[in-house]
Amino acid sequence: MNKHHKKIPWIIKYRPRTVEEVVNQEEAKRLLTTWLSAWASGKKPAKRAALLYGPPGVGKTSLVEALAREYNFELLELNASDYRSAYAIRRTVGVAAFKKALFGKGIIILLDEIDGVATREDAGGLQELLKIIPETNNPIIMTANDPWKDQLRPLRDKVLLVQFKQLSMTQVMGVLQRICEKERLECEREALRLIAQLSQGDLRAAINDLEAIAEGYGKVTLALAKAILRGREKKSDIWRTLNQVFYAKAAWMAKRAVTNSEEDYETLMAWINDNIPRKYEEPGDLYRAYDALSRASLFLSRAKFKGYWSLLSYVFDLIGPGITYARKEGSILKLRYSYPERIKLMASLREVRQIRESLAQKLASRLLVSKSTVKNDILPILQTIFRYSKDLTYPARLVLGYELTKEEVKYLAGNKAEEIIELAEKIKRTRRIPREPEREEVREAPREQKRAPKKKKQERKGKTLDMFFS
Amino acid sequence: MSTAFDILWVEKYRPRSLDEIVNQEEIVNRLKTFVKNKNMPHLLFAGPAGTGKTTAAHALAHDLYGEYYRQYMLELNASDERGIGVIREKVKEFARSRTPPDIPFKIILLDEADNMTADAQQALRRLMELYSVSTRFILIANYPSKIIDPIQSRCAFFRFQPLKKDDVVARLKYIADNEGVEYDPEALETIYEISEGDMRKAINVLQAAAALGKVTVETVFKVVGMAKPKEVRQMIKTALNGDFTGARALLRKLMIEYGLSGEDIVKQIHREIFSNEIDIPEDLRILIADYIGEIHFRLVEGSDDDIQLSALLAWMSLVGRKLGVSG
Amino acid sequence: MSTAFDILWVEKYRPRSLDEIVNQEEIVNRLKTFVKNKNMPHLLFAGPAGTGKTTAAHALAHDLYGEYYRQYMLELNASDERGIGVIREKVKEFARSRTPPDIPFKIILLDEADNMTADAQQALRRLMELYSVSTRFILIANYPSKIIDPIQSRCAFFRFQPLKKDDVVARLKYIADNEGVEYDPEALETIYEISEGDMRKAINVLQAAAALGKVTVETVFKVVGMAKPKEVRQMIKTALNGDFTGARALLRKLMIEYGLSGEDIVKQIHREIFSNEIDIPEDLRILIADYIGEIHFRLVEGSDDDIQLSALLAWMSLVGRKLGVSG
Amino acid sequence: MSTAFDILWVEKYRPRSLDEIVNQEEIVNRLKTFVKNKNMPHLLFAGPAGTGKTTAAHALAHDLYGEYYRQYMLELNASDERGIGVIREKVKEFARSRTPPDIPFKIILLDEADNMTADAQQALRRLMELYSVSTRFILIANYPSKIIDPIQSRCAFFRFQPLKKDDVVARLKYIADNEGVEYDPEALETIYEISEGDMRKAINVLQAAAALGKVTVETVFKVVGMAKPKEVRQMIKTALNGDFTGARALLRKLMIEYGLSGEDIVKQIHREIFSNEIDIPEDLRILIADYIGEIHFRLVEGSDDDIQLSALLAWMSLVGRKLGVSG
Amino acid sequence: MSTAFDILWVEKYRPRSLDEIVNQEEIVNRLKTFVKNKNMPHLLFAGPAGTGKTTAAHALAHDLYGEYYRQYMLELNASDERGIGVIREKVKEFARSRTPPDIPFKIILLDEADNMTADAQQALRRLMELYSVSTRFILIANYPSKIIDPIQSRCAFFRFQPLKKDDVVARLKYIADNEGVEYDPEALETIYEISEGDMRKAINVLQAAAALGKVTVETVFKVVGMAKPKEVRQMIKTALNGDFTGARALLRKLMIEYGLSGEDIVKQIHREIFSNEIDIPEDLRILIADYIGEIHFRLVEGSDDDIQLSALLAWMSLVGRKLGVSG
């Protein structure tokens, strides 16, 4: 038994068992504990599902497991290796949501990696989940790396969002240190520092690396770590690549640098894009560099969208030597490379585009125009009304008229958003809203929306009963 | 104004029945005959944006089937639906659905039909034939020349004209009075000029201007200016001053705050370059327009927004500096 | 009511027998020999659209088999039928069907044969061999060069010439008179110009214009979705005078009032550049024709109409100014 | 009458045995050794179209198995047969069939093997291994570089060269005489030029031209759907003289009278630019060849024939004027 | 005789155990520790094609489980169906199957894991944890960056380096000697150059060349379907010297004599442009490469080989003349 136990990978062996042991997620712990104690005391919270999000390896799943133990819940786990089609969700989650636990206070339904629900193979799964959430008698918890994925949009409004932070290097090191002690391993502090640094806050990756070195050599030294972990040196790799491009002595050197780079093409181009002005200064140099990059991007899109992968080679010509030899006039600047803003901003970019999309959808069916007309003609007007109206009750009333979400109001109103939302809530509270508002004006759309939930409810009841009898 | 809700005036004042449509008389009359006869051929509505094509289609359906007409009308948008396959499925299903009590056909409304490829239109033609017993198609297009001949020859053709000044101004007046909005009469004419006969646009501008207070020529222009992100012009100026980094910071702001796509931004730059409000020498304008054409082409081919716009800005700072423009 | 939309004049006035075909004499004579001999090889009809290829094939079949010829002729459209597999099935089945009493073969008419891939044509060649005892193929193509050699070498070749102005105008007159349509004689010539020797197109335009009332030059341009040449020339002249802003205003008018797409307008500019009505120095014409090629290509690739046409006008004003043209 | 169109001369005059093949001597000699040894490895025949690859394969089989060789040879066309699955089935079945009395293997002939995807070729490789005891594969390809390494390394490689002028002309003469066809000797040379060493194409053109009567240079150009080189050269010269309008008139004539597509004409211009019949300074030739590449691409992408060819002529007049050529 | 063509040398000379692998020493040493400890984490093998990744995985399994290791290793290839469903099914089933007697886990080998969709990788990631007690995954990828982070963080990472020239040449020598193949030492170096450190490709080329007789530089280029670099460079130099007609003559020779396709030639020109043998300024290389890319794109879009390559050479002569380059 003991021998066998030893063969369990460390990432499982050392996974946190108690809430205490989950490192550095105090805010997330607080939110989740409050939410779960409500369930435990029999009061269902307003949002009956929670979505835990954050980078990989920061303890999302572990925390749920620990909480379940601590609060005495059963745990039902579904992950990406299970089918999650509409049918599968109905059969598993649908049943569990209305079941009484045999032991303990209830069942936590854990849907791991909800962003991994496949669009085709798991068709309808998310929709099914959306139907179950507002009705469930047991807490549903989901995890995701990227909650801004398009397919998760309808989910976001209906769940408690709990963010998990990236771990700091020191925290990762702390954990590694403890493992070394438990395994009675000889570990150099500098080696642990390197492992932690390269893991970029992914604790699981760090533990894996530690194990990879320890398993092979029985000790963990800086030299060994350096030799073995070269593959993870992403950041230093990109800096080396950039240096080789900007300071190349010959065309082939620059070309080799970009060809051998570990980064995928898009990321590499994002790095170059942001760092050209940190190295070049003369407008002519800048223009030539950007034109080369722009041509490269054109070749890449042709390669990707038309499947002409043989054209990739020209991408490398243009982002390697093409950048190097764009500099003809000025000297090279000494500024340090910066992390590409575009990558940092990707999530918020995706978020804002999605809000725009959902607004377009909402308004298009009401105004009888296409989504692109809404985006290009209507939204700017709405933004003007929301940002510059003399009397903010007016936009507030539009918020109610189109049932806009907070995200959407934020997009339309900018820094006026809070005020408008408050006003809208006040209006909603103080004035009695007629059952069928503005019958004359708003004909089909609102009525459809009103009808829909009723129908859903009936369906669901039927289904629940079926489940009990099957 | 006593209710808690408000909706956009374009929605609030949209004509519901053919009788409420105050312009395009000739078209309305032809459509009314269809209602009277309880029969109609396939229809093709063509004309510029905001001339009431979609509204007319809905009004026609309303008059044929009554208030709950939407259950007898399938609404599709060619640029929203992914491919003819999806359209075929939806049409098939719709054709099978309940028929109206009184009229022997249901209506399929296909907006932006000119955005379909020729192949897709061929397939559409076959759909029109296949379901011609129980359905009628209303196709809506901006550019009738992009509709293939075999479809055109199967449809009764209606060309919607840009609205006349008087019609638009009268409508604006009616709305303003009804909403208790103060206005300078001159301002309404300005709105017409700006909106180029697009009624929807005109009403939108009126509503936004009203939100700022009394509608004057001033506020109208102010609203139009506000509706364009001010960062665009600022970005152009910064670039032409030779400050690439500054211009790019503004570019990023546009993308992140407004969620604009690369094409959106290129179009806006283009619009600004040719507006009179920005002072650029003529030949510079042409040089820029030419490069914009190239960049737009690269964007259409699917390349990266951020990179392509950076290239455009880099080029603008280069020519700006060379020609010593001060934006 | 729907009847008005159902009978197309191109159908109504289509010649039924070879005797009724008034042009392409040499071809008609060769075809008549086949009728006389009650035998014929496979045929390949090539030539521009609307020169009567399909009509000739039907007339030939009519003269061979009599009024109910359609039971002995299988009509296929290469771009309609999905793949050679479908064609193979249909041919097989047709070959098995009843043979005509008097003639030892049936006819398979394959339209748009040049739209088939080379592979499909190879398969077709094998079909032609397989069924050569009991069937004859008539292949119709716009571009004979797209028909593979092994098929060409098996077929008797007929090249259809574009129709002459007099022939087309005479036919239009005949139809108009017969239908009791009023018309300006000038309008018929305009129809010929626009349809470039394509009889089918010419008749369709006539019918569409007639639907609007008297057929005038005005209505003709309206129904074909073209701007009046004078307005296009006006825009060209304005641009060449160096007044870009003015030219662009005219462009917007064309796009909005006539509902013309970018491609429509580019084609019309191209047409006008070569007309006698406009006085452009040869070297300017050269420059413009060259640049139009670039712009048209970008439009085909999906670039934005407004952006590309502005670029064209901007460019025209620049060279106009440089070369000091006064339009 | 119909017989004349049914038997293709390429079939009729195809060599039956290796001895009848009059060119590719080295290859024929190597193949004869296989016959003598009654053994052979897998073979890969590569080279341009019409150099006798398929013919050589058949002749080899004929010499190995005798007149009724076809029962021991399975013929597959990689682009015909849908997918490797079908090929696998057929090969399996064929491998099970009767073996030849004298030779320990049967032959599988796979035409257009370079049209198979890399994945399908991997599967093919496995088939070749599986059945290597009782079968030999002959793969035929235009471009050997498209055959994956593991297959190449299993095959003996034969590269077929384009045929020499004398060989082709002699063969055409032989056939023409045999068929009692009248011809201008010059016409046979023209056929060689046009077919670029492709014997099959050459014979097909001869047959098609013969169908029109005496074979002359004229009729040859007529059947291949090409303009007469003289007329194309005339157009080029006119353009290079700076007479754009004149050149365009000739272009319209080519397009309308000959029914040539834009691509046909571009290819012919390209061909003439390099002929000795036309005297163009090197720098001009360079400029034109570069631009032709651009124009051909635009046509391939679907741009308008007339617009693009006008652009090409415009550009030729432009450089012609600049460089002061007199054509 | 036939045997010589049936056994692929890459198979025959593939190392069976870790001890037989002569390069990638560091990696081999680490893998040997796993064998010694009878334990290992999940592994990710990354690096270019032909550096021995799959071989190493098999050798590792061989050393862990002995000769019949395949029953304890599940191999999933890119060409196998690897949708999410299949992965789920197969892995689950395999995990349930018999465990090896001595080692507490089985191995699942996923080749070309970077070709799996992100969705499939998501499914995989959890499987790796779920079955981690009884199975280990070895993922093989050319581009590790295409493996999603959560999987990377679950694996020990091994980077395979391209093989050194000496290693490859030594191996080729060993095989050639063993097979009794005659060769020029120079030819082996050429093979290394062409295969760019890809051992599998190198051995395949050796075998294919050996099939033609003695392995010489000549035969090597013949079998890979490439022109000799010297000839390509000759063509480039001629063009850059401004002698367009001369360069084109060389091009025709390459196309006809070597039977190279347009893409083959474009790729070779591209390769040579960056070689030291051609003496041109560095920035010119990039300019040319960019244009080559454009030409290459046009070719894959279906434009004509001859026309496009002529355009490329024309353009090169043009810049050569302008810049007074002498190649």
Side-chain angles (χ1 to χ4, degrees), chain A residues 266 269-270 273 277 283-284 286-287 289-291 293-294 297-298 300-302 304-305 341-342 345 348-349 352-353 355-356 366-373 375-378 380-381 383-385 387-390 394-395 397-398 400-402 411 427-428 431 433-434 437-438 441-444, chain B residues 3-8 10-12 14 16 49 54-55 58 67-68 70 75 77 79-80 111-112 200-201 204-205 207-208 211-213 223 226-229 242 244-245 248 252 255-259 261 264 295 298 301-304 306-308 310-315 317-318 320-322:
Chain A
E266 275 95 349
M269 284 164 76
N273 182 7
L286 280 174
Y287 162 66
Y290 274 109
D291 196 52
L293 190 60
S294 150
S297 174
L298 179 63
L300 180 60
S301 65
R302 285 167 172 174
K304 259 173 46 183
F305 299 128
E341 221 178 311
R342 178 68 186 270
L345 298 175
S348 40
L349 188 63
V352 66
R353 283 191 177 167
I355 293 167
R356 211 166 159 241
R366 292 277 295 265
L367 305 184
L368 306 186
V369 295
S370 73
K371 284 196 281 186
S372 75
T373 309
K375 283 187 207 163
N376 295 316
D377 293 352
I378 312 277
I381 289 288
Q383 275 177 332
T384 312
I385 294 175
R387 287 171 193 221
Y388 304 106
S389 274
K390 238 176 23 185
Y394 185 48
R397 290 150 59 86
L398 285 175
L400 298 174
Y402 290 101
Y411 172 76
I427 295 171
K428 206 172 170 184
R431 307 221 190 180
I433 300 159
E438 310 248 333
E441 321 297 341
V442 191
R443 292 193 187 195
E444 281 299 324
Chain B
T3 48
F5 288 87
D6 248 318
I7 55 174
L8 286 174
V10 272
E11 188 180 348
K12 194 167 168 185
R14 188 180 47 241
R16 307 289 152 181
T54 314
T55 301
H58 277 263
E67 194 178 352
Y68 303 109
R70 278 191 179 221
E75 273 170 272
N77 186 304
S79 38
D80 286 352
D111 212 344
E112 305 195 24
R200 185 172 51 229
K201 207 168 169 189
N204 278 328
V205 171
Q207 184 167 22
L212 300 190
V223 160
M226 282 169 175
K228 287 183 283 189
F244 168 72
T245 316
R248 203 174 57 170
R252 294 255 158 90
M255 296 181 85
I256 305 287
E257 272 188 21
Y258 294 88
S261 72
D264 292 338
I295 291 291
R298 291 179 192 173
E301 291 275 284
S303 61
D304 185 77
D306 194 16
I307 289 178
Q308 295 307 339
S310 297
L312 178 56
L313 293 180
W315 194 81
S317 0
L318 178 66
R321 213 180 260 202
K322 257 193 196 154

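Numbered from 1 within each chain, the chains take letters A, B, ... in sequence-line order.
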Q: Check for a donor-acceptor pair, side chain of A:Y411 on one end and backbone N or O of B:Y258 on the other, with a separation under 3.5 Å.
A: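 Yes: the side chain of A:Y411 pairs with the backbone of B:Y258.
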
Q: Could you pull out the closest heavy-atom pair between A:S389 and B:L212, with the gap in Å?
A: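 Answer, listing the atom of A:S389 first, then B:L212: N-CD2, 4.3 Å.
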
Q: Who wins among A:I355, A:L286, A:L298 for the most heavy-atom pairs under 4.5 Å with chain B?
A: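 Top count of heavy-atom pairs under 4.5 Å with chain B: A:L298.
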
Q: Are B:N77 and A:K371 packed together at the side-chain level, in the sense that at least one heavy-atom pair is separated by less than 4.5 angstrom?
A: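 Of all side-chain heavy-atom pairs linking A:K371 with B:N77, none is under 4.5 Å.
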
Q: Indicate the atoms forming the closest heavy-atom contact of B:G259 with A:R356, along with that distance.
A: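 Shortest heavy-atom separation between B:G259 and A:R356 comes out as O-NH1, 2.9 Å.
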
Q: For chain A, which of B:S317, B:A208, B:S303 has the most heavy-atom pairs under 4.5 Å?
A: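 Of B:S317, B:A208, B:S303, B:S303 has the most heavy-atom pairs under 4.5 Å with chain A.
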
Q: Go through the atoms of A:Y388 and report whether side chain, backbone, both or neither lie under 4.5 Å from a heavy atom of chain B.
A: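 Its backbone and side chain both get close to chain B.
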
Q: Counting heavy-atom pairs under 4.5 Å with chain A, which one of B:I295, B:T55, B:D306 comes out on top?
A: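 Max contact count across the listed options: B:D306.
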
Q: Is there a side-chain contact between B:T54 and A:V369 in this structure, where contact means two heavy atoms from C-beta onward sitting under 4.5 Å apart?
A: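 They are not in side-chain contact.
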
Q: So for A:L300, is it side chain, backbone, both, or neither that comes closer than 4.5 Å to the heavy atoms of chain B?
A: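 No part of A:L300 comes within 4.5 Å of chain B.
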
Q: Can you say whether B:S310 sits under 4.5 Å from chain A via the side chain, the backbone, both, or neither, judging by heavy atoms?
A: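 For B:S310, the contact with chain A is made by backbone and side chain together.
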
Q: Say you draw a straight line from CD1 of A:I385 to CG of B:L8; how long is it, rounded to the nearest 0.5 Å?
A: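 With rounding to 0.5 Å, CD1 (A:I385) is 6.0 Å from CG (B:L8).
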
Q: Do you know the tightest heavy-atom contact between A:S294 and B:Q308?
A: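 Where A:S294 meets B:Q308 most closely, the heavy atoms are OG-OE1, 2.5 Å.
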
Q: Relative to the ring of B:F244, is the ring of A:Y290 parallel (under 30°), tilted (30 to 60°) or perpendicular (over 60°)?
A: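 Ring orientation of A:Y290 relative to B:F244: tilted.
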
Q: When rounded to the nearest 0.5 angstrom, what distance separates OH in A:Y287 from NZ in B:K322?
A: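 Result: 9.5 Å between the selected atoms.
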
Q: Looking at every heavy atom in both B:R200 and A:T373, which two are closest together, and how far apart are they?
A: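 Minimum heavy-atom separation between B:R200 and A:T373: NH2-CG2, 3.7 Å.
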
Q: Among A:L367, A:L349, A:L368, which residue has the highest count of heavy-atom pairs closer than 4.5 Å to chain B?
A: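 Highest number of pairs under 4.5 Å: A:L368.
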
Q: What residue, out of A:P395, A:P380, A:A270, A:S372, has the most heavy-atom pairs lying under 4.5 Å from chain B?
A: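 Of the options given, most contacts go to A:P380.
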
Q: Examine whether an atom of B:R298 lies under 4.5 Å from a heavy atom of chain A, and if so say whether it belongs to the side chain, the backbone or both; otherwise answer neither.
A: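 Backbone plus side chain of B:R298, per the 4.5 Å heavy-atom cut-off to chain A.
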
Q: Less than 4.5 Å to any heavy atom of chain A: does that hold for the side chain of B:D264, its backbone, both, or neither?
A: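 For B:D264, the side chain is the part near chain A, not the backbone.
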
Q: Between CE of A:M269 and CG of B:D304, what distance do you get to the nearest 0.5 Å?
A: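 Separation between the atoms: 6.5 Å.
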
Q: Of the backbone (N, CA, C, O) and the side chain (C-beta and beyond), which part of B:E112 lies under 4.5 Å from a heavy atom of chain A, both, or neither?
A: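 The side chain, not the backbone.
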
Q: Measure the CG-CD1 distance between A:L293 and B:I307 for me, rounded to the nearest 0.5 Å.
A: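 Separation between the atoms: 4.0 Å.
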
Q: In terms of heavy-atom pairs under 4.5 Å with chain A, which of B:R248, B:M255, B:H58 leads?
A: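 Result: the option with the highest number of such pairs is B:R248.
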
Q: Counting C-beta onward and ignoring hydrogens, is there a side-chain heavy-atom pair between A:Y394 and B:D6 closer than 4.5 Å?
A: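 In short, these two side chains touch, coming nearer than 4.5 Å.
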
